[in-house]
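Chain letters run A, B, ... following the sequence lines, proteins first and then strands; every chain starts at 1. Just so we're clear, the structure is a prediction, and the values are computed from it rather than from any experiment.
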Amino acid sequence: MVKNSPDNTEKKKSLNFIQQIIEKDLAEGKNEKRVHTRFPPEPNGYLHIGHAKSICLNFGLAEKYNGLCNLRFDDTNPLKEDVEYVDSIKEDIQWLGFDWEDREYYASDYFQQLYEWAIKLIMDGKAYVDDLDQEDFAKNYRGTVNTPGKPSPYRDRSIEENLELFEKMKKGEFPDGSKVLRAKINMASPNMLMRDPALYRIKHASHHRTGDKWCIYPMYDYAHGQSDYIEGITHSICTLEFDIHRPLYDWLLEQIVDTKYRPHQYEFARLNLSYTIMSKRKLLQLVQEKYVSGWDDPRMPTISGLRRRGYTPESIRYFADKVGVAKRDNVIDVALLEHSIREDLNKKAQRLMAVLDPVKLVIDNYPDSETEELEAVNNPEDESMGKRKVPFSKELYIERKDFMEDPPRKFFRLAPDREVRLRYAYIIKCVSVEKDDEGNINTIHCTYDPETKSGTGKAQRKVKGTIHWVSADHAIDAEVRLYDRLFNNEDPNETEEGKDFTSNINPDSLNIVQGKIEPFIKDAEAGDKFQFERTGYFCVDKDSSEKLVINRTVPLRDSWAKKNQ
RNA sequence: UGCCCGAUGGUGUAAUUGGCAACACGUCUGACUCUGGAUCAGAAGAGUCUAGGUUCGACCCCUAGUCGGGCAACCA
C-alpha cells in the first residue's frame, strides 16, 4: 500500500536547471534573495497544454521558493489581441489552480513609462528614428545571417531631430510603417537581433485596453525586459527560441537600470506532444476552418479543450511535473498525458455501468415483472464514496463486444453455452441467440443461477469473466462522444509534398454512439466525471439538454484489446 | 557559409558537480481480482553522438568534428 519504502522517504527530488540557478542566486544573496516570476501570455489565442507547462513552472517556482508570480498580458500588438482571449486566459489559469492575487498586469499599463525610457534612449544617443520602410531596410541594410548589415542613412540624426520626430510619431503625424524608432546597437553584429532592432512602430489601431491613446506601440523586445524590471521580476523564464533575444534583453536593461537589482532571462524547451499540434496559429486555423467545433473542442490541446474533455487540473499539474524542465528539444508521448488523467480519476471517479454498443440480453428464467435493486460499489479505491443501488430485471443490455458466437481461445466473456458473471448480479449462461434476416444478433437468451447473487458468497464456482450491463427498462439514453487523437501522424507537421498539417487529421477522431447508462447518471451535471466500468473515463458535456451528452475522456487500459490488435 | 542552443534506453528526465548510469511513461512476464481496470512482483531495453586529450578514474573537464533545433517579422 505504502509506496515509499522506509529508506526511500528521504530521497529528495533532483532539481531542474532553473531551480539550480535559483538556489545558487539565493545562496549568493542576489536580488535581496527574492524570487519573482511571471507568466506573460499574449492575448491572441487560447492557452494550451504547452502554456500549462510554463504556468506550472512559473507559479510552481514562486511557490517553492516563497516568492511571487505575476500574470502579465503581453499586449503590445493591438492588431492581434482581444479581450476574449484575456478572459479565457484568466479562467484557464485559475482553473489550473494558480493565483496571481492582485498582480494582474498588462504591458500596456507601462506604455507611458516605456515611452519615457525611449526618450531617454534617444537623449543618450542610443536610439534613432528611421525613415527606411520595412522592405528597404530588410533588403538593403539589415544584411543576412552570413553578411553584416550597414547603417541606415538616418542613423546619425541629431538628438534634437530624433526627439522631434519621435514626438510627431506619437502625435500621429505619420502613417503606419513610415517610421520606426530603432535602438542604435551594431549593424554588423552576428546576432541579427542586435542590428538596430525596432523599438517602436506606428500602428493607427485601437488597443483593447488603451483605446486610441497611442498610435505607436513598443515591440516585444523593448517591452518585455523593461516590464520585468518595472515589476521586480527576478527570473524571467521563456522558451528556447528567445535565447537569441537575451543579449538584446540585457542591452536594453543596461540602458535604464541603476539599481543592484536586475532581472535575468532563462530559456527552457517548450513542450511538444506526439499526435498533437501546439502552434497557436495552427490551432486558430483548426478553429476558423471548422475542423473542430471551437477552441474548447475536446480534441484540442487547449486547456479549455482538455477541461471539456474531462481532464482535471490535478492531472495536468501532475503531467507538467512528470514532463520535466530542460533545454533540449523534446516530444512527449501522449500516453503520458493519458496516464496522468487515469492516475487521477482512478482514485476519484464514481463508477457506473454503461453500455455503449448495446445488444439485448433476456434472462429466460427470470420473473417477467420483477425488479431487484442490487448493491454496487461506487469506487473500489475509495470506500468513503459508498455504495449505490442498481436496478436489475429480465431484460438487459450488454456490450456487443462482450458476446461472441465463436470465441477464440482466451475469450473470457459470454458465448453460447458459456457462463459469465454479470457485475454485481448473477452468473448467467447463454442458451441461444436470435438473429435478424441479415444474420445479426438481435437478442441473446440466457438463464441465471439465483444462487450466485453478488455479495451472498453462495456461488459454488468461479467464472472467468465479468461483464457490465444495464437494465433495459431503467436505462438512461445518452449521446456518447468517443474521441480519439486529432491527428494520425505522430508528428502532424510531417506531411507529403505540397500538403499541410490538416492532411494528417484523423477522420475518425470523433465517433458518436447512443449509449445506455444506469439511472444513477440522471442527476449528473456538466463537468461531472465517471468511470464507466471496463470502458473508460467519461464526463458530462455542456451540450447536454433533455438528452445527456457524454464525452469520453480516455479509455481504460485494455490488455485484451491490446493483445488482439 | 555566420551566430546561438542542445545531444544519456522507444519517450522524457536524473546522476548532490570527476567515483563505472537512476526514476517515470511505454513494452513484456507472472500473481491477484466480481472492472481483461486498479494493485503487486519481476524482466527486457542505454554504457551516455564520434574521435582524440587531461586524470588513478570522465555522462560530467578540454580540443576537433557529426547530428538536431533556433535566428534575417514595423509578431510574441
Please work out if [X] contacts a base, only the sugar-phosphate, or nothing of the nucleic acid, heavy-atom cut-off 4.0 Å.
X	answer
A:Phe137	nothing
A:Arg195	nothing
A:Met353	nothing
A:Val145	base
A:Val325	sugar-phosphate
A:Thr144	base
A:Lys410	base
A:His224	nothing

- Query: Which salt bridge (Lys or Arg N to Asp or Glu O under 4.0 Å) pairs, counting each pair once, include a residue from residues 17-27 of chain A, with sequence neighbours left out?
  - Reply: A:Lys24-A:Glu28, A:Asp25-A:Lys30
- Applying salt bridge (Lys or Arg N to Asp or Glu O under 4.0 Å), which residue pairs with at least one partner in residues 271-281 of chain A are found, sequence neighbours left out? none
With sequence neighbours left out, write down each residue that passes ring-ring contact (aromatic ring centres under 6.0 Å, His included) with [X], or none if nothing qualifies.
X	result
A:Tyr448	A:Tyr366, A:Tyr426
A:Phe319	none
A:Trp295	A:Tyr46
A:Tyr311	none

- Item | Donor-acceptor pair (no angle test) under 3.5 Å: A:Gln531 side chain, B:rU35 base | yes
Is there any protein nitrogen or oxygen under 3.5 Å from a nitrogen or oxygen in nucleotides 26-28 of chain B, and what are the pairs?
residue, atom, partner, partner atom, Å
B:rU27, OP1, A:Lys562, NZ, 2.4
B:rU27, OP2, A:Arg557, NH2, 3.1

Presence of [X] side-chain N/O under 4.0 Å of [N] phosphate oxygens OP1/OP2:
X	N	answer
A:Ser14	B:rA22	no
A:Gln19	B:rU13	no
A:Lys203	B:rC75	yes
A:Arg270	B:rG70	no

- Closest nucleotide of RNA chain B for A:Asn191 versus for A:Arg421: which of these residues is on the 5' side? A:Asn191
- Whichever of A:Phe411 and A:Asn330 has the more 5' nearest nucleotide on RNA chain B, that residue is A:Asn330
- Between residues 41-51 of chain A and RNA chain B, which residues have a heavy-atom gap below 4.0 Å? A:Glu42
- Query: Residues two or more places apart in sequence or in another chain: which of them pass side chain to side chain contact (heavy atoms under 4.5 Å, CB included) with A:Asp333?
  - Reply: A:Ser274, A:Ala335
- Item | Results of side chain to side chain contact (heavy atoms under 4.5 Å, CB included) for A:Thr456 - residues two or more places apart only | A:Lys453, A:Lys458
- Message: Applying a 3.5 angstrom cut-off to the pairing atoms, does RNA chain B sit in any stems of at least three consecutive Watson-Crick or G-U pairs? List them by first number.
- Response: B:2-7 with B:66-71, B:10-13 with B:22-25, B:27-31 with B:39-43, B:49-53 with B:61-65
- With rounding to whole Å, what would you report as the distance between B:rU48 and B:rC61 at their C1' atoms? 16 Å
- Item | B:rU66 to B:rU50 separation - P atoms, rounded to the nearest Å | 15 Å
- Note on the structure: Residue pairs meeting ring pair (Phe, Tyr, Trp, His ring centres under 6.0 Å), one or both in residues 325-353 of chain A, sequence neighbours left out, come to A:Tyr318-A:His339
- Query: Below 4.0 angstrom, N of the basic side chain to O of the carboxylate: do A:Arg534 and A:Glu399 qualify?
  - Reply: no
